[in-house]
Each structure stands twice: as structure tokens, then as C-alpha cells.
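Written below as C-alpha cells is the structure these notes are about.
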Amino acid sequence: MATDKKHIAVYLAPEIEQALVAFCERKGLISKKGTMYSAGVNTALAQFFEITDTDTDVTVTEKGNTPSTTGNTPSKSSNIPLESIAVEVLPGKLESGDSWELPKVDNQVVEQLQNELSSLKAENETLKGDYAKLLESSTHASELPEAGDLLNKLKAKRKKTGTTLADVEALLKLIDENC
């Protein structure tokens, strides 16, 4: 069943809730399930806004405490301090045609955020390049020269060395295992 009523969440202080219960009891807004909070809030709000002619107030009949709809003419007396009722409208409950007003965007803040984003992108690209260079240099460090080339360089510097090709190969193998 479609309705044009709004659904809201209301957070009441304990003393306000007690006053609302007393108000509902005075108005006969009690059903088999207990206090009819929504009907009480509707009646209190109608009274606050001085609405005298509506057609959807809920009252309780004498027989069986069953709610029925009868007019929404609130009485002029209430002990609920209406200014202390906090009301929160839930999202998605707007009438068609209503819209939430979006906050105004400060162009200076937008420009500052765009500049910061550009700086971060540039720094990211620089770091990617540095990382690529680091990877490349570490790859070159792990590429060891040929054993024969090393032995020739060693013999060129130390002509009387007793190092053999097998010794250089063993050393290169140890270095490769440790890297």
C-alpha cells in the first residue's frame, strides 16, 4: 500500500520519552502492542504546527484497543517540550521532486587538491623510474663475469699466482649461491 507519509528516526532523551508515553496515555494512543509512539509524535507535531484539519490521526477505540483512523485534531494541551525532540530524516525518503542540496564546492580547495594530485603522480613516476634503475643495477651485479676472463685479469696483475681455472669457477659458484 503506497503512502505519502515520511519515515523518520527520532532520538529522545529519557525524560522526553517518559513525557511522550504519558502524552500517548492521555490521548488514548495505547494498543495491545503498547505505546503508539508514531501516533503520539504525529499528534504532538500537529499540535506544535497548529494543524487542525488532517485526516490521518490514529486513535484507539474502546472495544479491544484496536487503532482506527479518525481526524487529526490535536488538543491544545501537552506536557512534551517539542523544542527538545531531535528528528533525523532517513536518506531515500524524499518526495519526488524534492532533492538534497549538495554543498558548494570551494574552487580554491579543488585547485589545491588537483595540484597535490599532480605532484603525487609526478613523484610516483619518479619513484617508478628509480625502482627500475635499481632493479637494473641489481641485475647487473648478479651477472658474474666468465671464469676465464677473471683468471686472465688475475694473472695479468699477479703473474706468479697458482690459481687455476677450477679455483675461479668454484669462487664464482660460491658468490652466485650467496647472492
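Numbers for residues simply follow the sequence, beginning at 1.
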CD/Gln47 to CG/Asn42 distance, rounded to the nearest 0.5 angstrom? 12.5 Å
When hydrophobic residues are tied together by side-chain contacts of less than 4.5 Å, even through go-betweens, does Leu154 share a cluster with Leu150? no
Which residues pass the salt bridge (charged side-chain N to carboxylate O under 4.0 Å, His left out) test with Lys133, sequence neighbours left out? none
What distance do Glu25 atom CD and Leu20 atom CG have between them, rounded to the nearest 0.5 Å? 10.0 Å
Do Thr43 and Phe23 have side-chain heavy atoms sitting under 4.5 Å apart? yes
Identify each donor-acceptor pair in which a side-chain atom of residues 116-127 lies under 3.5 Å from a protein atom, sequence neighbours left out, and give them as a table.
| unit_1 | atom_1 | unit_2 | atom_2 | d |
| --- | --- | --- | --- | --- |
| Ser118 | OG | Gln114 | O | 3.1 |
| Ser119 | OG | Asn115 | O | 3.1 |
| Thr126 | OG1 | Ala122 | O | 3.0 |

Check: Ser31 and Met36 side chains under 4.5 Å, non-hydrogen atoms: yes
Tell me, with the steps shown, if Asp106 and Val110 meet side chain to side chain contact (heavy atoms under 4.5 Å, CB included). CA-CA 6 Å; Asp106 184 2; Val110 170; over 6 Å; no
If you group Ile, Leu, Val, Met, Phe, Trp and Tyr whenever their side-chain heavy atoms sit less than 4.5 Å apart, what else falls in with Val109? Leu113
What residues form a side chain to side chain contact (heavy atoms under 4.5 Å, CB included) with Glu146, not counting sequence neighbours? Asp149
Under 3.5 Å, side-chain donor or acceptor atoms of residues 155-175 against the rest of the protein: list the pairs with distances, not counting sequence neighbours.
| unit_1 | atom_1 | unit_2 | atom_2 | d |
| --- | --- | --- | --- | --- |
| Thr161 | OG1 | Thr163 | N | 3.3 |
| Thr161 | OG1 | Thr163 | OG1 | 2.9 |
| Thr164 | OG1 | Ala166 | N | 3.4 |
| Thr164 | OG1 | Asp167 | N | 3.2 |
| Thr164 | OG1 | Asp167 | OD2 | 3.2 |
| Asp167 | OD2 | Thr164 | N | 3.1 |

Measure the CG-OH distance between Leu29 and Tyr37 for me, rounded to the nearest 0.5 Å. 12.0 Å
Near Glu111 CD, under 6.0 Å, is it more than 12 heavy atoms from other residues, nucleotides or ligands? no
Holding to side chain to side chain contact (heavy atoms under 4.5 Å, CB included), I want the full list of residues that pass it with Gln112, two or more places apart in sequence or in another chain. none
Restricting to non-hydrogen atoms, name the atom on Gly40 and the atom on Cys24 that form the minimum distance, rounded to 0.1 Å. CA-SG, 3.6 Å
